[in-house]
Amino acid sequence: MKASGAGVVVVSCSDPRLNPYQILGIDQTLKATMVRNAGGRVFDALRTLAVLQTIGSPGTIVVMHHTDCGVTHFHDSKIRGALSELAPTDKTAIEATNFGEIKGSIEESVIEDLEILRASPWIKKSTQLIGLKYDIDTGKLEVVGEEQAQL
Ligand SMILES: [Zn+2]
């Protein structure tokens, strides 16, 4: 992985077992911003990414998903069921919400998220996109997809 020096935003999972700073070897000299949510899904991070891009103009967005992720075990139907019990009057909104399940492989979810970023009118085409898979058992970090900026 070779990020440009223009600042990096890392989108990763909220899982407390992950320490993105450590995994990616990020120290104080690299201007890196963390966005974390369940699964590290980019559709859930677009608002934040759009704000960060306006404030800081990051040159690189890194998307990191990991093995044994909660959203690979708890699919949207399960989340919808639990939420519908908690908030039955919100059933329509709950049914319409994407909760970020990962049903295929981690590689597929990373590629899907890179495609969402590249297709989004909210993300500058000059942004480099890097997709990573982190194996939580072995600590292995793998580049799954990398797209240079489209200038
Ligand atoms: Zn996770």
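As the structure lists them, so they are numbered: ligands from 1, and atoms in each ligand from 1.
- Taking hydrophobic clusters as Ile, Leu, Val, Met, Phe, Trp and Tyr residues chained together by side-chain heavy-atom distances below 4.5 Å, L117 does not share a cluster with I130.
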* Trace of the salt bridge (Lys or Arg N to Asp or Glu O under 4.0 Å) decision for E108 with K103 -> CA-CA 9 Å; E108 286 167 340; K103 279 192 161 170; over 6 Å; no

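- The side-chain hydrogen bond (donor to acceptor under 3.5 Å, both in side chains) contacts involving residues 16-25 comprise D15-R17, R17-D68, where partners must be two or more places apart or lie in separate chains.
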Side-chain donor-acceptor pairs of residues 91-101 under 3.5 Å, sequence neighbours excluded:
residue: T97; atom: OG1; partner: A93; partner atom: O; Å: 2.7
residue: N98; atom: OD1; partner: G100; partner atom: N; Å: 2.8
residue: E101; atom: OE1; partner: D76; partner atom: N; Å: 2.8

Contacts under 3.5 angstrom, residues 42-52 side chains, donor-acceptor by atom type, not counting sequence neighbours:
none

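- Excluding waters, the set of protein N/O/S atoms under 2.8 Å from the Zn ion (ligand 1) reads C13 SG, H66 NE2, C69 SG.
- L141 and V10 fall within the same hydrophobic cluster, where Ile, Leu, Val, Met, Phe, Trp and Tyr residues are linked whenever their side-chain heavy atoms come under 4.5 Å apart, directly or through other members.
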